[in-house]
A.B. asks: 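This is the structure I have questions about; it appears just below.
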Amino acid sequence: MGVVDRAWERLGQQPGSTELVATLQRIATGEPADGYRLAHAMYADREGMSALAPDALPIVLALACDSALPARDEVVLALTMLVECARSQPVERFPPAWPSAWQACRAAAEPLLADQDPKVRWWAVDLVELPGLLLDRLRMETEPSMRIRLLLRLGQVATPTDDQARAALTAATGAPLLRLTALRGLNRLDPDGSAGRVDGLVELFNDPLMPASVELMWNPADQEYRPDLSDLVLPTAEDLPGAVAARFTARLARSGDPELRVAALDAAWGVLTMRPSAGPELLTMAGELLDDPDPRIRVRATHLLAMLGKAAAPFTDKLFALLDDLSGDEWLDGTIADFARWALARIGDPRALPGLVWQLTAVNREQGRSWTGGDPHRPDPYDALIALPEHAEALRPQMAVWTTGGVFSAAGVLAAWDGRNVIPCQPPAGSDLESVACRLGEMRQRYQPWHEASRYRTAMVAVATLSQHGPLPPKVRAAVEHALSLDRRLSKEYDYRAVLDDERVRDMLHRALRGEAVRMPALSVPL
C-alpha cells in the first residue's frame with residue numbers, strides 16, 4: 001500500500017471526515033475543484049486548521065500532481081493556502097501532526113514549480129521554501145508574470161546573508177514592473193536597507209512606461225482580474241517597515257498621476273491602521289494636502305489627520321477652515337467637513353464642539369448608509385464620543401437632545417466617561433492572573449484578529465487587575481513591554497477603531513508599567 005493509499009485509509013477513519021473524503025473523491029474522479037472551498041474544508045478562520053488536514057495533505061498533493069485532472073491549479077491553490085496558514089499562525093492554530101506531514105510532502109511539491117501548466121506554476125511558487133530552487137527556476141523561466149512571482153518569493157525565503165539571492169534581485173533589469181518587483185524582493189530580504197530604496201520605488205511608480213508594463217506582465221493572460229498600477233501601491237508599502245512605508249506613500253501622494261496619488265493615500269491609511277510608527281511620517285504630508293484642489297485628496301488627508309489625533313494640532317486652523325466643505329469622494333462615506341470636525345474634536349479644539357453630536361449622529365439618522373470595511377468612513381457616535389470626556393460639560397446637553405429623540409443612546413458614552421466599562425474588569429474565575437497577563441509576551445508582530453480577540457484582551461484585563469494590587473510582577477512587566485514594543489495595533493479591529501482602541505490600550509499599559517492602578521478602558525463597538 002502506497003503513501004497516498006494509506007492517507008486515504010487514515011483519513012476515512014477520522015471522526016467527521018465524511019464530507020472532506022467525499023469532496024476529495026469527487027475531485028479525484030474528475031470534478032473541477034474550487035480551491036478556496038477545498039482549503040476552507042480544512043481550515044477555518046476562527047478555529048484554525050482542522051485535525052483532518054495532516055492526513056488529507058498527501059491526498060491533496062497527489063491530486064495537485066495529477067496532470068490528468070481538470071482545474072488542477074485550484075488544488076494547488078488550496079495546498080498553498082494551507083501551507084501559508086501554518087507558516088503564519090501560532091502553533092496552537094494547527095494540529096501537532098502538521099509540521100511532520102508537510103516536511104514529508106514538501107520535496108514532492110517542489111516539481112510543481114516547473115509544471116507545464118502556467119497556472120499551476122503560478123501558485124506553486126508559494127510552496128517553495130528553498131531560495132536555491134527559486135534561483136534555478138528564475139534562470140529558466142521566460143514567462144514575465146512568473147519571473148515577478150519568483151522575485152517576490154525569493155525576497156521572502158532568502159536570508160540577508162544570501163549573496164546569490166541579493167545579486168539576482170539587484171541585477172533584475174528590463175521592464176519597469178520587473179525592476180519594481182526586484183526592489184520589493186530586496187525590501188523583504190533586507191528591511192533595514194529599505195529606506196534607501198524609497199526614491200527608486202517612487203521613481204518607478206512614476207515611470208511613464210509602468211502602466212503598460214503592469215498590463216502586460218502582472219498576471220497570466222487567462223486570469224480574470226488584472227490589477228492596474230494603483231493596485232500595487234499598498235502591497236509595495238506592506239513590504240516596508242512602518243515608518244518607511246509611510247515615507248513611501250507620503251512621497252507618492254505628493255507626486256504623479258491623480259489616481260496614483262489617491263492610491264498612495266489609501267495605502268497610507270492602510271499602513272496607519274496596522275502600524276503606529278507610520279504616524280509621524282504621514283503628519284506633514286496630510287497637512288500639506290489639505291489645500292489640494294482635488295476633493296478626493298483633501299478628504300483622505302483630512303481623515304488621516306483625524307486619525308492622528310492630538311499630533312495634528314499644528315493644522316487646527318486649516319481644519320477649522322474646512323468645516324463648511326461638503327465635498328469628498330463619491331466612493332467614500334463622509335465629507336471633508338465631517339472629518340475636519342472630528343479631527344478638531346480629537347485634537348481638543350473647542351471650536352469643534354458646537355453641533356458635534358448632531359454631525360456624529362447623522363449616520364444614525366440616515367437611511368441606507370453604505371461603506372466598505374477598512375475604508376475611511378464616519379465614526380460611530382459612541383466610538384468618537386467615549387474619547388472626549390474632557391468635553392463632557394459641553395457635550396452632555398447635545399447628547400440629551402438626540403437621546404430624547406431616539407437617534408442614539410448616550411448610556412454607553414456616559415458609562416465610559418464615568419469609568420464604568422462594558423468589558424468585564426475581572427479575568428475568568430479561578431484563572432492565574434500572572435499567567436494570563438503573560439500572554440501578552442506571546443503577541444506576534446503579524447496581526448491575526450480572530451484568534452487574538454479574546455486571548456489578548458483577557459490578558460490586558462489581567463494586567464489591569466494586577467495593577468490594582470501594586471507594582472506589576474517582573475514577568476508581567478516583561479510581557480507588557482514586549483507588547484508595547486511591537487509595531488502593530490493592540491486591537492482586533494481593522495479600520496479607524498483599530499487606531500482609537502490602540503491609543504487607549506497603550507495608554508493603559510504604559511500607566512500600569514509606571515505603577516499606577518488602572519482599569520481596562522472602554523473600547524469601540526464592533527459594527
A.B. asks: What's the verdict on side chain to side chain contact (heavy atoms under 4.5 Å, CB included) for Arg251 and Leu201, showing C-alpha distance, side-chain angles and the deciding distance?
C.D. replies: CA-CA 10 Å; Arg251 286 280 312 281; Leu201 291 171; over 6 Å; no

A.B. asks: In this structure, which one of Leu322, Ile297, Asp325 forms a side-chain contact (heavy atoms from CB on, under 4.5 Å) with Leu290?
C.D. replies: Leu322

A.B. asks: What are the two closest non-hydrogen atoms of Val299 and Gly334, and how far apart are they?
C.D. replies: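 Answer, listing the atom of Val299 first, then Gly334: CG2-O, 3.9 Å.
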
A.B. asks: Would Leu232 and Phe205 count as a side chain to side chain contact (heavy atoms under 4.5 Å, CB included) here? Give the steps.
C.D. replies: CA-CA 9 Å; Leu232 300 184; Phe205 269 96; 4.2 Å; yes

A.B. asks: Between Tyr496 and Trp269, does the ring centroid distance fall short of 6.0 Å?
C.D. replies: no

A.B. asks: Suppose we screen for side chain to side chain donor-acceptor pair (under 3.5 Å). Which residues come up paired with Arg254, at least two apart in sequence or across chains?
C.D. replies: Glu288

A.B. asks: Are side-chain heavy atoms of Pro276 and Asp487 found at a separation under 4.5 Å?
C.D. replies: yes

A.B. asks: What's the shortest heavy-atom distance between His482 and Leu440, and which atoms?
C.D. replies: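 Shortest heavy-atom contact: CD2-O, 3.2 Å.
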
A.B. asks: Do Asp338 and Thr335 have side-chain atoms, one donor and one acceptor, less than 3.5 Å apart?
C.D. replies: yes

A.B. asks: Apply side chain to side chain contact (heavy atoms under 4.5 Å, CB included) to Val125 and Leu150, showing your working.
C.D. replies: CA-CA 7 Å; Val125 171; Leu150 290 164; 4.1 Å; yes

A.B. asks: Kindly determine whether Asp126 and Arg87 satisfy salt bridge (Lys or Arg N to Asp or Glu O under 4.0 Å), including the steps that lead there.
C.D. replies: CA-CA 11 Å; Asp126 292 329; Arg87 287 172 183 153; over 6 Å; no

A.B. asks: Please round to the nearest 0.5 Å and tell me the distance separating atom CG of Asp162 and atom CG of Leu169.
C.D. replies: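 Rounded to the nearest 0.5 Å, the CG-CG separation comes to 9.0 Å.
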
A.B. asks: Can you name the one residue among Arg296, Arg261, Arg300 that meets side chain to side chain donor-acceptor pair (under 3.5 Å) with Asp266?
C.D. replies: Arg300

A.B. asks: Can you tell me if CD on Glu481 sees more than 12 non-hydrogen neighbours from other groups inside 6.0 Å?
C.D. replies: yes

A.B. asks: Step by step, work out the salt bridge (Lys or Arg N to Asp or Glu O under 4.0 Å) result for Arg275 and Glu238.
C.D. replies: CA-CA 10 Å; Arg275 305 179 191 175; Glu238 289 175 338; over 6 Å; no

A.B. asks: Can you measure from CG (Leu204) to CG (Asp199) and round to the nearest 0.5 angstrom?
C.D. replies: 11.0 Å

A.B. asks: Would you call Asp380 and Arg497 a salt bridge, taking side-chain N to carboxylate O under 4.0 Å as the test?
C.D. replies: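 Looking at Asp380 and Arg497, the cut-off is not met.
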
A.B. asks: May I ask you to test the Pro521-Asp507 pair for a side-chain heavy-atom distance under 4.5 Å?
C.D. replies: no

A.B. asks: Is it true that the side chains of Gln103 and Trp98 contain a donor and an acceptor less than 3.5 Å apart?
C.D. replies: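 On atom types as modelled, these side chains do not qualify, holding no pair under 3.5 Å.
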
A.B. asks: Please name the pair of heavy atoms, one in Pro379 and one in Leu360, separated by the smallest distance, quoted to 0.1 Å.
C.D. replies: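 The answer is CG-CD2, 3.9 Å.
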
A.B. asks: Do Gln359 and Pro354 have side-chain heavy atoms sitting under 4.5 Å apart?
C.D. replies: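 Of all side-chain heavy-atom pairs linking Pro354 with Gln359, none is under 4.5 Å.
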
A.B. asks: Heavy-atom distance under 4.5 Å between the side chains of Phe315 and Phe320, does that happen here?
C.D. replies: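 A side-chain contact under 4.5 Å is absent here.
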
A.B. asks: Within the structure provided, determine whether His377 and His303 are in side-chain contact (heavy-atom separation under 4.5 Å).
C.D. replies: no

A.B. asks: Using a strict cut-off of less than 4.0 Å between a Lys/Arg side-chain nitrogen and an Asp/Glu carboxylate oxygen, indicate whether Arg197 and Asp239 qualify as a salt bridge.
C.D. replies: no

A.B. asks: Under a 3.5 Å cutoff, is there a donor and acceptor pairing between the side chains of Tyr43 and Arg93?
C.D. replies: yes

A.B. asks: Pick out which of Asp502, Asp495, Asp501 makes a salt bridge (Lys or Arg N to Asp or Glu O under 4.0 Å) with Arg489.
C.D. replies: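 Result for salt bridge (Lys or Arg N to Asp or Glu O under 4.0 Å) with Arg489: Asp502.
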
A.B. asks: Applying side chain to side chain contact (heavy atoms under 4.5 Å, CB included) to Leu486 and Arg444, what does each step give before you reach the verdict?
C.D. replies: CA-CA 8 Å; Leu486 298 175; Arg444 295 157 64 98; 6.0 Å; no

A.B. asks: List the steps and the verdict of side-chain hydrogen bond (donor to acceptor under 3.5 Å, both in side chains) for Arg365 and Thr361.
C.D. replies: CA-CA 7 Å; Arg365 297 193 300 273; Thr361 54; 2.8 Å; yes

A.B. asks: What distance separates Leu183 CG from Arg188 CZ, expressed to the nearest 0.5 Å?
C.D. replies: 12.5 Å

A.B. asks: For the residue pair Leu152 and Gly185, what are the closest heavy atoms and their distance?
C.D. replies: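 In terms of heavy atoms, the two residues are closest at CD2-N, 4.4 Å.
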
A.B. asks: With the side chain counted from C-beta on, respond yes when Leu484 and Leu513 share a heavy-atom pair under 4.5 Å apart, and no when they do not.
C.D. replies: yes

A.B. asks: For a quick test of reading the model, state the closest non-hydrogen atom pair linking Ala522 to Tyr382 and the distance between them.
C.D. replies: CB-OH, 3.9 Å

A.B. asks: Drop me the distance from Ile386's CD1 to Trp417's CH2, to the nearest 0.5 angstrom.
C.D. replies: 10.5 Å

A.B. asks: Looking only at side-chain N and O atoms, does Arg298 offer a donor or acceptor that is under 3.5 Å from a partner on Thr302?
C.D. replies: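 The answer is no; no qualifying pair exists.
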
A.B. asks: Please tell me if the side chains of Val271 and Leu240 come closer than 4.5 Å, counting only heavy atoms from C-beta onward.
C.D. replies: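 A side-chain contact under 4.5 Å is absent here.
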
A.B. asks: For Val518, is there any backbone N or O sitting under 3.5 Å from a side-chain donor or acceptor partner on Gln468?
C.D. replies: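 Such a contact is found between Gln468 side chain and Val518 backbone.
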
A.B. asks: Check step by step if salt bridge (Lys or Arg N to Asp or Glu O under 4.0 Å) holds for Glu442 and Arg439.
C.D. replies: CA-CA 5 Å; Glu442 303 166 10; Arg439 290 176 183 168; 6.0 Å; no

A.B. asks: Less than 4.5 Å apart, any side-chain heavy atom of Met443 and any of Leu490?
C.D. replies: yes

A.B. asks: What heavy-atom pair brings Asn187 and Ser194 nearest, and what distance separates the two atoms?
C.D. replies: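 It is OD1-CB, 3.3 Å.
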
A.B. asks: Rounded to the nearest 0.5 Å, how far does CH2 of Trp123 lie from CG of Leu77?
C.D. replies: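 With rounding to 0.5 Å, CG (Leu77) is 5.0 Å from CH2 (Trp123).
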
A.B. asks: Taking only residues two or more places apart in sequence, or in another chain, which ones meet Arg514 in a side chain to side chain contact (heavy atoms under 4.5 Å, CB included)?
C.D. replies: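 By the side chain to side chain contact (heavy atoms under 4.5 Å, CB included) rule, Arg514 matches His510, Arg511, Glu516.
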
A.B. asks: Between the main-chain N or O of Glu281 and the side-chain N or O of Arg247, is there a donor-acceptor pair closer than 3.5 Å?
C.D. replies: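 No, because the side chain of Arg247 does not come within donor-acceptor range (under 3.5 Å) of the backbone of Glu281.
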
A.B. asks: Are Asp317 and Arg351 close enough, and set up right, to give a salt bridge (Lys or Arg N to Asp or Glu O under 4.0 Å), and what steps lead you there?
C.D. replies: CA-CA 10 Å; Asp317 289 339; Arg351 293 177 293 179; 3.1 Å; yes

A.B. asks: Side-chain donor-acceptor contacts of residues 390-401 below 3.5 Å, not counting sequence neighbours, with atom names and distances?
C.D. replies:
unit_1	atom_1	unit_2	atom_2	d
Gln398	OE1	Leu356	N	3.3
Gln398	OE1	Val357	N	3.1
Gln398	NE2	Leu353	O	2.9

A.B. asks: When rounded to the nearest 0.5 angstrom, what is the spacing between CG in Leu319 and CZ in Phe339?
C.D. replies: 12.5 Å

A.B. asks: Scan side-chain atoms only and decide if Gln445 and Arg488 contain a donor-acceptor pair under the 3.5 Å cut-off.
C.D. replies: no

